[in-house]
Amino acid sequence: MANTAELTHAELDNIIDPPALVQGKDDLASITDTVCNVAENKPPRAWYIAFLISLGVLGMLGASIVYLVITGVGVWGNNQPVAWGWPIVNFVFWVGIGHAGTLISAVLYLFRQGWRTGINRFAEAMTIFAVICAGMFPAIHVGRIWVIYWVFPIPNQMALWPNFRSPLLWDVFAVSTYFSVSLLFWYMGMVPDLASLRDRAKKKMSRLLYGIFALGWTGANRQWHRYERVYLLLAALATPLVLSVHSVVSFDFATSQLPGWHTTILPPYFVAGAIFSGFAMVVTLAVPARALFGLRNLITMRHLELMNKVILATGLMVGYAYAMEFFISWYSGNKYEGFAFVNRAFGSYAWAYWIMVSCNVLVPQIFWFKRFRRSIPVMFVISIFVNIGMWFERFVIVVTSLNRDFLPSSWHYFSPTYVDFATLIGSFGLFLTLFLLFCRFLPQVAIAEVKLQTPHAHAHHGDDH
Amino acid sequence: MSNNSSAELHGIIAEYHTVEEILAAAETVREAGYTRWDCHTPMPVHGLDRAMGVRETRLPWVVLIAGLTGGGLGVLMQWWMNAIDYNYRISGKPDWSLPANIPVAFETTVLFAAFAAFFAMWIANGLPRWFNPLSRNARFARATDDRFFVAIQASDPMFDQDATAAMLSSSGAHAVETVEEPDETSRPPAVFRGAVWSLVSLAMLPLFLVAMARYNTSDKPRVHLVPDMDFAKRIKAQAVSDLFADGRGTRPPVAGTFALEDMEAVGADPAYYTGKLGDSFVTDFPLEVTPELMQRGQERFGIYCAVCHGDDGRGKGMVAQRAAVLSPATWVAPTDLHTQPVVDLASGQLFDSISNGVRNMPGYSSQISYQDRWAIVLYTRALQRSQAASAQDIPEGVNLR
């Protein structure tokens with residue numbers, strides 16, 4: 001019986017694209033084993049080394065924040081007219097990375113892209129940790145962090161409410177909503193897998209802990225039914241949310257009057273850049289993780305190649321936006337706009353601009369070739385280049401637009417201090433520490449969802465039921 | 001199949017190995033008319049809802065209502081906070097402008113909808129649950145791994161231990177087992193409950209303290225966790241201060257400073273300091289006239305006077321031109337310095353006009369030093385002379401080209 005309406009997406013995928021999403025032994029038990037073994041066995045030595053290093057770097061972050069808080073924001077390179085400096089560059093950089101997770105989870109889920117299952121858990125975790133890193137920067141950038149609660153609409157002693165017309169306040173709402181919804185989405189997806197871990201746990205302590213977070217899940221179908229509906233709804237809610245968050249971040253710039261920022265292209269341009277950098281970060285993390293934890297059969301070459309294709313596509317979009325910015329500034333006929341962009345490409349920060357263009361537009365073009373798209377070393381190196389390029393993109397946007405503003409007497413060449421460096425590098429320590437803990441103790445791959453992509457999850461058509 | 005315990009029966013579970021088997025079994029159980037039963041599977045099995053006759057959940061409606069509530073509250077909150085309770089007057093914008101409030105309203109919509117979806121789903125599913133009798137069964141652990149189970153509860157009206165077991169066996173089950181009700185020990189351990197309760201109570205503590213402080217009418221100074229600028233270092237008159245290296249709170253005046261009163265009391269040189277001797281303005285110049293003083297005067301005139309009176313002193317400076325356009329009704333034009341009355345003024349009176357102002361022109365004594373004022377007077381004299389000059393005034397040997 002060839003009832004196409006009943007063909008599942010996994011089967012459709014198999015028809016259109018032969019390499020299966022799960023390689024090697026794909027029976028249900030070995031999928032559970034592959035993923036759970038990571039959390040159950042002692043981690044490889046590389047994990048310990050990486051964890052120790054990350055902890056050290058995290059300590060550096062802590063020290064630089066303490067130094068900042070007790071001394072004041074003067075310890076950074078920020079100064080008029082570049083009052084935003086590195087903290088905001090880092091904020092936008094991390095928030096951008098935090099986009100791939102929800103995009104892979106939610107958008108690809110809505111589009112029924114079966115291949116998301118291998119990497120979505122991974123990418124969602126990355127999102128959560130990246131958004132934690134991101135949220136930290138504006139918080140410490142306000143200077144007097146102990147009154148940060150003023151940004152929230154809670155009654156305070158000055159009988160003062162936040163100004164809801166400020167895009168900076170929209171940011172507070174967008175980023176915190178994004179964080180909490182991503183957290184719910186991530187955790188909810190993980191509950192059935194935590195139950196798998198609970199049911200396999202040998203030690204009392206791990207049984208108890210996994211048991212608490214598995215909430216008593218037993219895979220009852222009536223529960224699966226509601227679970228799947230709500231998962232779909234969350235995906236549908238998270239999709240516009242992802243787009244809104246980076247759009248709102250871009251409003252911080254776009255609604256200002258500053259040439260170089262004041263442009264309507266920023267929201268789509270920021271979103272494309274966010275997806276671009278997010279996917280690059282997933283590749284950077286997935287390549288070592290799948291090797292280290294023996295997940296090659298679940299995060300397959302097909303997954304990696306598809307991600308590289310997304311990187312290529314979004315890289316082209318970003319390149320288009322760079323070109324378009326110049327066109328718009330020329331077409332506007334506004335000499336201040338014109339100056340801002342000429343200054344960007346040929347001014348005192350030309351070096352940063354061209355690093356950005358090379359890393360983001362030129363380097364990814366190599367992915368047009370299937371051979372390189374499928375080469376592990378090549379994709380790893382390129383993903384690093386993209387990460388660097390996207391950091392510089394934010395640097396270029398923030399710093400070059402500010403450093404030569406309307407009053408030439410106040411022009412100022414921004415240079416970071418060692419505390420700026422320590423904070424940026426330290427934020428990677430925070431990110432990696434959290435990520436390594438996740439890799440060690442939580443299911444790195446969505447077990448139940450991967451099972452759903454195997455032939456075992458579907459009744460064979462033509463059978464008697 | 002074991003049935004040897006005196007404990008109360010919770011239900012019966014049957015194990016299957018494939019999706020086909022569980023689908024078939026589900027149809028069998030449903031057709032037999034059971035209502036309190038479920039299938040347990042390691043992943044969602046599509047087609048099982050239909051086989052079991054599960055009705056579509058109404059959760060999407062909950063989410064819709066929550067989303068609308070979130071959006072409405074988001075708008076209401078912003079309206080109350082910014083348009084009613086605390087207005088921000090910025091660039092003459094209206095107190096309430098919806099477009100600026102859309103982003104936040106959108107975020108609150110998503111936030112409410114997502115939280116409602118998440119929590120309503122767990123509540124509807126009866127989770128979290130500390131203990132499930134089914135997990136006492138060793139086999140059942142594989143329900144989250146690679147096996148499929150049907151579990152029928154003993155509380156089902158159709159339930160009959162032997163008949164139900166027989167039906168399950170005949171449905172193709174690989175194993176059929178009974179599960180007993182839990183005893184008291186299956187509650188969370190006391191340590192755990194204690195920990196949860198103490199955490200909850202500790203979490204209430206800050207709220208409690210805030211609430212207490214809110215209704216407290218103490219007359220003691222408030223507690224400053226972070227002093228900010230409440231305790232700025234300040235200097236008490238005539239007291240020691242560690243803000244300066246020399247330890248003196250009271251600062252000595254900058255070198256060369258002297259008080260106006262002193263000058264007048266001393267009366268050292270009234271002609272120089274006031275332009276007057278007794279009641280009449282001085283007509284001679286109280287300083288030695290040098291080219292340097294003249295140049296200084298030219299420079300100062302350019303800085304302080306030319307904006308109104310113009311470089312040539314004819315009253316056409318930038319400020320004068322612009323003010324004449326902007327407020328023609330009230331603006332008094334600066335005097336042309338080449339009119340005869342001004343040319344006839346005594347030098348002392350010119351000095352006095354610069355120092356104390358004249359009619360609508362403000363005084364400049366706070367900005368221009370005594371010597372510079374005299375330098376300006378000197379230059380003004382030269383300017384007046386230059387505008388009324390004749391050919392004989394040109395010194396010998398100066399080429400006009």
Side-chain angles (χ1 to χ4, degrees), chain A residues 8 27-29 32 144 146 153 159-165 167 169-170 173-174 177 180-181 184-185 188 192 195-196 198-200 215-230 233-234 237-238 240-241 244 248 251 447-449 451-452 456-460 463-465, chain B residues 18-20 23-24 27 38-49 51-52 54 57 59-60 63 77-78 81-82 85-86 88 90 93 97 100-101 103-104 106-108 110-111 113-115 117-118 121-122 124-125 127-132 134-135 141-146 225-226 228:
Chain A
T8 63
D27 59 288
L28 301 182
T32 325
R144 291 196 282 152
W146 48 93
L160 180 79
W161 295 115
N163 176 9
F164 283 100
R165 263 174 270 167
L169 194 73
W170 305 346
F173 276 78
T177 303
S180 23
V181 173
L184 294 187
F185 199 49
M188 183 178 153
S196 295
R198 171 200 64 200
D199 290 344
R200 294 164 53 100
L215 302 178
W217 181 262
T218 49
N221 188 56
R222 293 173 208 277
Q223 295 179 346
W224 274 124
H225 170 78
R226 298 191 189 94
Y227 179 94
E228 281 208 295
R229 286 299 173 283
V230 162
L233 282 173
L234 279 186
L237 287 169
L241 183 64
S244 86
V248 167
F251 290 162
I447 306 175
E449 290 185 41
K451 286 177 183 165
L452 197 55
H456 308 287
H458 305 277
H460 300 297
D463 280 5
D464 53 11
H465 75 273
Chain B
T18 64
V19 167
E20 285 85 358
L23 283 170
E27 294 208 356
D38 216 330
C39 298
H40 297 259
T41 57
M43 67 269 174
V45 172
H46 294 161
L48 201 52
D49 286 347
M52 285 178 64
V54 174
T57 168
L59 280 175
V63 177
M77 168 182 77
Q78 298 179 70
M81 289 180 184
N82 279 183
D85 199 40
Y86 192 94
Y88 283 90
I90 298 168
K93 288 175 189 162
S97 51
N101 300 294
V104 169
F106 172 79
E107 302 299 337
T108 52
V110 173
L111 192 69
F115 271 73
F118 182 83
M121 185 272 290
W122 292 120
N125 276 345
L127 297 177
R129 183 170 172 185
W130 180 259
F131 181 80
N132 189 333
L134 294 178
S135 24
R142 286 179 79 173
T144 54
D145 183 5
D146 61 344
L225 290 182
V226 180
D228 282 336

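Lettering follows sequence order; numbering is per chain, from 1. Computation of the quantities below employed the complete heavy-atom set of this structure, encompassing side-chain atoms and omitting hydrogens, waters and symmetry-equivalent molecules.
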I'd like to check W122(B) versus M188(A) (side-chain heavy atoms, cut-off strictly below 4.5 Å). Are they in contact? yes
Please flag which part of M52(B) lies under 4.5 Å from any non-hydrogen atom of chain A: side chain, backbone, both or neither. side chain
Give a yes or no answer on whether the side chain of N125(B) reaches the backbone of W224(A) with a donor-acceptor pair at less than 3.5 Å. no
Taking the side chain from Y88(B) and the backbone from W161(A), do they hold a donor-acceptor pair closer than 3.5 Å? yes
Residue D145(B) versus chain A: region with a heavy atom under 4.5 Å: both
Best-contacting candidate, V54(B), D49(B), N132(B), against chain A by heavy atom pairs under 4.5 angstrom: D49(B)
Heavy-atom pairs under 4.5 Å with chain A - which of I90(B), L48(B), N82(B) has more of them than the others? N82(B)
Where does L237(A) contact chain B at under 4.5 Å (heavy atoms): side chain, backbone, both or neither? both
Heavy-atom closest contact (S244(A) atom, E107(B) atom, distance): OG-OE2, 2.8 Å
Audit row: R229(A), T57(B), side-chain contact (heavy atoms from CB on, under 4.5 Å) steps and yes/no: CA-CA 8 Å; R229(A) 286 299 173 283; T57(B) 168; 3.5 Å; yes
Distance (rounded to the nearest 0.5 Å) between D146(B) CG and K451(A) NZ: 7.0 Å
In short, L28(A) meets P42(B) closest at the heavy-atom pair CD1-CG, 4.4 Å
L111(B), part contacting chain A, at a heavy-atom distance under 4.5 Å: both
Between atom OG1 of T218(A) and atom CG of L127(B), what is the distance when rounded to the nearest 0.5 Å? 7.0 Å
Where on L234(A) is there a heavy atom nearer than 4.5 Å to chain B: the side chain, the backbone, both, or neither? side chain
Gap separating the CZ atom of R129(B) from the CG atom of L215(A), nearest 0.5 angstrom: 12.5 Å
Is chain A contacted by the side chain of T41(B), its backbone, both, or neither, given a heavy-atom distance below 4.5 Å? both
Sort E228(A) into side chain, backbone, both or neither according to what part of it lies under 4.5 angstrom from a heavy atom of chain B. side chain
Taking ring-ring contact (aromatic ring centres under 6.0 Å, His included) as the test, write out the residues that go with F106(B), two or more places apart. none
Considering only heavy atoms, which portion of P240(A) lies under 4.5 Å from any heavy atom of chain B: side chain, backbone, both, or neither? both
Answer key: most heavy-atom pairs under 4.5 Å with chain B among F164(A), F251(A), F173(A), W217(A) is F164(A)
For each of A124(B), S97(B), P60(B), A51(B), tally heavy-atom pairs with chain A at distances under 4.5 Å, and name the one with the top tally. A124(B)
Pairs of heavy atoms under 4.5 Å with chain B: top-ranked of L233(A), V230(A), I447(A): V230(A)
Minimal non-hydrogen separation, V248(A) against P103(B), with atom names: CG2-CB, 4.4 Å
Closest non-hydrogen atoms of D38(B) and A220(A), given as atom of the first, atom of the second and distance, are OD2-CB, 3.2 Å
Pair count under 4.5 Å, heavy atoms only, with chain B: among L184(A), L241(A), L160(A), highest is L184(A)
Given that the side chain runs from C-beta out, which part of W146(A) has a heavy atom under 4.5 Å from chain B: side chain, backbone, both or neither? side chain
